[in-house]
Amino acid sequence: MMLKMNKIVVSPSILSADFADFGSAVSQIDLSGAEWIHMDVMDGSFVPNLTFGPPLISALRSRTKAIFDVHLMTVNPRHLIKDFADAGANLISFHYEAEENIKENLEYIRSLGLKAGIAIAPSTSYNVLEEALPFLDLVLIMTVNPGYGGQILIPECLEKAEKLAKMRENLNLNFRISVDGGINEQTAEQAIKAGADTLVIGSAFFGNPDKKGLVSRLQGN
Ligand code: DX5
Ligand code: ZN
């Protein structure tokens with residue numbers, strides 16, 4: 001049976017941008033034709049690395065109409081959500097491993113008018129999401145260990161996309177399936193084959209001089 005497939009969305013991650021010039025990173029993303037911007041929020045606790053918070057997001061908000069795809073790699077994500085919503089996030093994903101009240105948290109994000117996602121680290125099974133699937137808009141499958149850009153994709157993680165795409169079909173749901181970490185043109189092809197429809201891409205985006213060509217090929221044009 002052919003599974004239903006969403007249109008491919010490319011979400012460049014500003015974690016790989018020049019931290020001295022996020023404004024230019026946003027313009028580069030807009031000019032590339034990508035419609036989303038992935039923002040990796042790290043708290044130095046859930047992951048060892050530390051990045052940025054709501055002030056950066058609100059500073060960038062007036063620069064672009066792109067969807068702000070915020071990936072919280074933080075402990076206690078719940079208490080940060082309102083600030084990110086006020087700053088201009090459109091979609092907030094938090095880690096399954098960091099939150100006990102999954103369903104309440106998803107409903108809270110949606111109650112603020114945002115899309116809600118859950119991220120799972122490579123060691124977390126797709127199975128744990130079964131009950132939450134009707135309450136979410138996106139599953140973010142981490143295809144590297146969270147914390148840093150520029151790592152190599154762990155191929156075993158792609159099986160989760162396949163399983164989740166089947167569950168989505170069986171349950172007649174329509175959440176997006178995102179892959180994050182080690183995505184480049186080659187691994188994107190494997191991820192899409194497995195069932196991913198949303199591609200987070202950091203180092204392979206900012207390292208490519210032809211961003212427009214890259215995005216267009218990733219989108220399947
Ligand atoms: C890693 C982040 C990723 C990162 C991906 O913890 O969640 O979003 O920016 O970067 P690349 O594409 O370089 O693996
Ligand atoms: Zn991310």
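Residues: numbered from 1 along the sequence shown. Ligands are counted one by one from 1 in listed order, and the atoms in each one are counted from 1 as well.
- Close approach to Met42 involves these atoms of ligand 1, each under 4.0 Å from a residue heavy atom: 6 (O).
- Glu189 CD: 12 or fewer foreign heavy atoms inside a 6.0 Å radius.
- Between Ser32 and Gln28, the side chains place no donor N or O within less than 3.5 Å of an acceptor N or O (distance only, hydrogens not considered).
- Those atoms of ligand 1 with a heavy atom of Gly181 less than 4.0 angstrom away are 14 (O).
- Close approach of ligand 1 to Met73 is summarised as follows: ligand atoms under 4.0 Å from at least one heavy atom of the residue are 6 (O), 7 (O).
- Under a cut-off of 6.0 angstrom, the local environment of CZ in Arg110 is crowded, with over 12 non-hydrogen atoms contributed by other residues, nucleotides or ligands.
- Atom 9 (O) of ligand 1 has its closest protein heavy atom at Ser13 OG, 2.8 Å.
- Of the options Gly202, Gly182, Gly207, the smallest heavy-atom separation from atom 14 (O) of ligand 1 is shown by Gly182.
- Distances shorter than 4.0 angstrom do not occur between any heavy atom of Ala204 and any atom of ligand 1.
- Scanning the protein for heavy atoms near atom 11 (P) of ligand 1, the closest one is Gly150 N, 3.6 Å.
- The nearest protein atom to atom 6 (O) of ligand 1, hydrogens excluded, is given as Gly147 N, 2.8 Å; this is a heavy-atom distance.
- The protein heavy-atom contact nearest to atom 1 (C) of ligand 1 is Tyr148 O, 3.5 Å.
- Scanning the protein for heavy atoms near atom 10 (O) of ligand 1, the closest one is Gly149 CA, 3.6 Å.
- Geometry at the Zn ion (ligand 2): OD1/Asp40 and OD2/Asp180 form an angle of 170°, nearest 10 degrees.
- The distance from ligand 1 to the heavy atoms of His71 drops below 4.0 Å at these ligand atoms: 7 (O).
- For His38 atom NE2 and His71 atom ND1, the angle they make at the Zn ion (ligand 2) is roughly 100°, to 10 degrees.
- A side-chain donor-acceptor contact under 3.5 Å links Asn90 to the backbone of Phe68.
- The heavy-atom pair separating Ala196 from Ile8 by the smallest distance is O-CD1, 4.0 Å.
- Side-chain N or O atoms of Arg176 include one that pairs as donor or acceptor with a backbone N or O of Asp197 at under 3.5 Å.
- Using the six-membered ring where Trp is involved, Phe22 and Phe52 have ring planes that are perpendicular, over 60° apart on the 30 and 60° scheme.
- Taking every non-hydrogen atom of Pro146 and a distance limit under 4.0 Å, the qualifying atoms of ligand 1 come out as 6 (O).
- Residue Val200 has at least one heavy-atom neighbour below 4.0 Å for each of these atoms of ligand 1: 8 (O).
- Of the candidates Ile14, Ile152, Asp40, it is Asp40 that places a heavy atom closest to atom 4 (C) of ligand 1.
- A side-chain N or O of Asp40 and one of Ser13 form a donor-acceptor pair less than 3.5 Å apart.
- For the pair Arg78 and Phe94, the cation-pi test (distance below 6.0 Å, angle within 45°) is failed.
- Between Glu131 and Lys103, no side-chain nitrogen of the basic residue sits less than 4.0 Å from a carboxylate oxygen of the acidic one, so the salt-bridge criterion is not met.
- For the pair Asp43 and Leu72, the minimum side-chain heavy-atom distance is 4.5 Å or more.
- The number of heavy-atom neighbours closer than 6.0 Å to CD of Glu185, taken from other residues, nucleotides and ligands shown, is above 12.
- The closest protein non-hydrogen atom to atom 3 (C) of ligand 1 is Asp180 OD1, 2.9 Å.
- Of all the heavy atoms of Ser203, the ones lying under 4.0 Å from any atom of ligand 1 are found in both the backbone and the side chain.
- Residue contacts with ligand 1: Phe205 is excluded, as none of its non-hydrogen atoms falls under 4.0 Å.
- Those atoms of ligand 1 that come under 4.0 Å of a heavy atom in His38, given as number and element, are 8 (O).
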